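This report refers to the structure that appears directly beneath it.
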There are 2 protein chains.
Amino acid sequence: MFTRSEEDHLKAIHTLSVTGTKASTSAISERLDTKASSVTDMLKRLAEKGLVAHEPYHGAKLTTSGRKAALVLIRRHRLWETFLVDKLGFRWDEVHEVAEQLEHVSSEKLIDRLDAHLGHPRFDPHGDPIPDKNGRMITRKLLPLSRCIAGDHVELSSVRNGTDALLHYLTRKGIALGVAITITATHEFDGSMELKLGDGRILSVSREVAEQLMVQ
Amino acid sequence: MFTRSEEDHLKAIHTLSVTGTKASTSAISERLDTKASSVTDMLKRLAEKGLVAHEPYHGAKLTTSGRKAALVLIRRHRLWETFLVDKLGFRWDEVHEVAEQLEHVSSEKLIDRLDAHLGHPRFDPHGDPIPDKNGRMITRKLLPLSRCIAGDHVELSSVRNGTDALLHYLTRKGIALGVAITITATHEFDGSMELKLGDGRILSVSREVAEQLMVQ
DNA sequence: TGCCATTTTTAGATTAGTCTAATTTTGTTT
DNA sequence: AAACAAAATTAGACTAATCTAAAAATGGCA
Ligand SMILES: [Mn+2]
Ligand SMILES: [Mn+2]
Ligand SMILES: [Mn+2]
Ligand SMILES: [Mn+2]
């Protein structure tokens with residue numbers, strides 16, 4: 001249906017515009033590690049195909065069909081990540097690159113069978129919701145741990161923009177999805193937080209980390 | 001490592017030259033459904049990279065590194081086919097096209113984990129041997145059913161050049177890998193054969209079909 | 001031996017996807 | 001309002017992968 005590059009652009013635009021805002025040329029190029037001029041070219045092609053609305057100098061927005069296509073890609077990506085972790089024993093910090101390739105294999109039957117094989121999972125290994133066949137997925141109101149205050153009891157629900165390095169760091173610290181967290185103290189001067197985990201262990205995290213941990 | 005087109009060419013050359021003969025430009029182009037001139041271009045590029053020995057006007061042969069690369073591709077292809085049938089419930093006539101895409105996902109870890117997940121299968125759903133990590137695979141001395149004579153008792157071991165149409169036809173006739181076959185009669189004039197299957201069912205197959213069924 | 005059909009290669013064009021460098025637009029700041 | 005910096009687009013070039021059409025080589029046969 002689409003080329004690999006078209007698919008990656010659609011996915012990037014979708015991720016950048018979950019809130020409904022337009023995705024800027026430079027933001028897309030940064031996400032895909034290409035030059036802005038390459039993105040401009042691709043936006044023209046995608047606009048031609050009716051997948052995005054490109055307002056020159058003001059970024060791009062997915063059309064209805066573009067959004068539909070992007071959700072198919074996100075569904076594939078998250079299902080493959082789930083497969084790699086649940087069935088092949090990969091760690092959550094090892095799956096992204098491989099899923100980035102697998103998502104481009106185009107076979108509706110393959111994905112639907114995979115979905116069934118995995119038991120129709122609702123969330124991927126990073127806590128991100130998996131769209132169903134119709135593009136629908138569970139929406140949860142999560143907030144970053146950094147917005148919690150001392151005394152709050154929360155549960156880790158997803159890791160935002162999880163780079164492999166961050167995910168690996170969390171694993172080493174014993175932080176996984178679903179872990180119960182009690183905030184014991186917050187520090188104004190650097191935004192770091194002291195936590196007590198469900199198993200009683202004590203640790204502290206920097207502001208940078210706390211901003212990526214989505215809870216409740 | 002290689003592009004999709006390079007990989008498909010390497011695989012085609014390997015398949016054409018299992019016997020040690022050179023693969024001709026036109027044979028490759030027919031297999032890949034491209035034009036001969038495109039193949040000539042690609043042979044130059046592969047020769048440049050040291051993967052094939054291209055003797056202009058006389059076809060191409062894989063070098064040692066080319067053969068190694070081709071075996072990786074064949075391993076991936078057959079493991080994915082096995083996955084699709086064993087884990088996702090595809091029929092043997094539905095897997096080729098999807099595996100043709102999946103084989104290009106490059107991650108050694110993925111393939112080795114998949115191999116383990118499947119229990120290190122030795123044969124794919126069509127009876128073709130799966131190379132191991134080192135490119136080694138089981139070799140069996142099979143012969144086409146068409147070479148058998150009345151009274152022979154054999155077992156179906158693999159289907160040669162199995163197009164999806166042939167595989168589907170076999171399934172409808174109740175012929176699957178491993179089935180016991182007794183040849184009850186052969187007909188000189190058209191090469192067709194009368195068979196009795198393990199479950200007692202009687203049927204006849206044309207020469208064209210009998211030549212594709214590898215037995216013993 | 002020399003002709004000729006078939007096969008293969010070469011030449012030249014096209015499309016997708018990318019880049020660098022130059023130009024244009026935007027929006028903010030004096 | 002003019003100037004400027006940042007962002008985006010345009011222009012022009014390159015590579016990979018394909019094609020069609022023309023030219024060249026091969027190998028069998030009269
Ligand atoms: Mn991708
Ligand atoms: Mn994920
Ligand atoms: Mn392929
Ligand atoms: Mn097979």
Side-chain angles (χ1 to χ4, degrees), chain A residues 1-17 21-62 66 69-70 73 97 100-101 103-106, chain B residues 1-17 21-62 66 69-70 73 97 100-101 103-106:
Chain A
M1 200 68 166
F2 306 115
T3 68
R4 179 172 176 159
S5 182
E6 285 172 344
E7 291 184 340
D8 282 335
H9 279 78
L10 289 173
K11 200 153 58 90
I13 297 167
H14 185 276
T15 308
L16 287 168
S17 53
T21 28
K22 280 181 195 146
S24 73
T25 299
S26 55
I28 298 168
S29 78
E30 197 171 329
R31 261 193 153 264
L32 298 179
D33 199 29
T34 58
K35 298 298 175 180
S37 55
S38 307
V39 172
T40 302
D41 280 355
M42 182 56 80
L43 291 181
K44 276 187 210 154
R45 239 172 302 155
L46 293 175
E48 197 86 358
K49 294 195 177 193
L51 297 163
V52 310
H54 181 210
E55 213 174 309
Y57 293 100
H58 295 89
K61 250 185 82 170
L62 293 175
L73 264 290
E97 261 317 296
E100 202 57 50
Q101 294 184 59
E103 71 190 359
H104 301 291
V105 173
S106 100
Chain B
M1 198 68 167
F2 307 114
T3 68
R4 178 170 177 161
S5 182
E6 285 172 343
E7 292 185 337
D8 282 336
H9 280 77
L10 289 173
K11 200 154 57 92
I13 297 167
H14 185 276
T15 308
L16 287 169
S17 53
T21 29
K22 279 181 195 145
S24 74
T25 301
S26 55
I28 299 168
S29 78
E30 197 171 329
R31 261 195 154 265
L32 299 178
D33 200 29
T34 58
K35 298 298 174 180
S37 55
S38 306
V39 172
T40 301
D41 281 355
M42 181 55 80
L43 291 182
K44 276 188 210 151
R45 239 174 300 156
L46 293 175
E48 197 87 359
K49 293 195 176 191
L51 296 163
V52 310
H54 181 209
E55 212 174 309
Y57 293 101
H58 295 91
K61 251 185 81 170
L62 292 176
L73 264 290
E97 261 317 297
E100 203 57 50
Q101 294 183 61
E103 70 190 1
H104 302 291
V105 173
S106 100

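Small disclaimer: the values here were computed from a predicted structure and weren't measured. Order of the sequence lines sets the chain letters (A, B, ...), proteins ahead of strands, with each chain counted from 1.
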*Whole angstrom value for the distance that separates P of dT15(C) from CD of E48(A)*: 13 Å
*Over how many whole Å does the gap from D33(A) atom CG to dT18(C) atom C1' extend?*
12 Å
*For the pair made of CG in D8(A) and C1' in dT18(C), what is the distance, rounded to whole Å?*
14 Å
_Side chain of Y57(A) (C-beta onward), nearest among dT8(C), dT18(C), dA8(D)_ = dA8(D)
*Hey, does the side chain of S38(B) come within less than 4.0 Å of dT18(D)'s phosphate (OP1/OP2), counting only N and O?*
no
*Once you round it to whole Å, what is the distance between P of dA7(D) and NZ of K35(A)?*
14 Å
*Would you indicate whether the side-chain heavy atoms of Q101(B) and S106(A) approach each other to under 4.5 Å?*
yes
*Does the side chain of H54(B) get closer than 4.0 angstrom to OP1 or OP2 of dT8(C) through an N or O atom?*
no
*Could you please name the option among dT10(D), dT9(C), dG27(D) that lies closest to any side-chain atom of P56(B)?*
dT9(C)
*For the side chain of D41(A), starting at C-beta, report the closest nucleotide among dT18(C), dA16(D), dT25(C).*
dT18(C)
*Does the pair K11(B)/E100(B) count as a salt bridge with the N-to-O cut at 4.0 Å?*
yes
*So, does the side chain of S37(A) form a donor-acceptor pair with the base of dT20(C) at under 3.5 Å?*
yes
*How long is the line joining CG of L43(B) and P of dT10(C), in whole Å?*
11 Å
*Taking all atoms of both residues into account, what is the closest heavy-atom pair of T21(A) and L16(A), and its distance?*
OG1-O, 4.2 Å
*May I ask you to verify if any side-chain N or O of S24(A) is less than 4.0 angstrom from the OP1 or OP2 atom of dA7(D)?*
no
*Atom NE2 of H58(A) to atom C1' of dA7(D): distance rounded to whole Å?*
10 Å
*If we only count heavy atoms from C-beta on, is the D8(B) to E103(B) side-chain gap below 4.5 Å?*
yes
_At 4.0 Å (heavy atoms only), tell me whether S26(B) reaches a base, stays on the sugar-phosphate, or touches nothing._
sugar-phosphate
*Value in whole Å for how far the P atom of dT18(D) lies from CD1 of I28(B)*: 13 Å
*Grab the two heavy atoms, one from A60(B) and one from I13(B), that are nearest each other, plus how far apart they are.*
O-CG2, 4.2 Å
*Describe the nucleic acid contact of S5(A) in one word from base, sugar-phosphate, nothing, applying a heavy-atom distance below 4.0 Å.*
sugar-phosphate
*Between P of dT9(C) and CG of L46(B), the distance in whole Å*: 13 Å
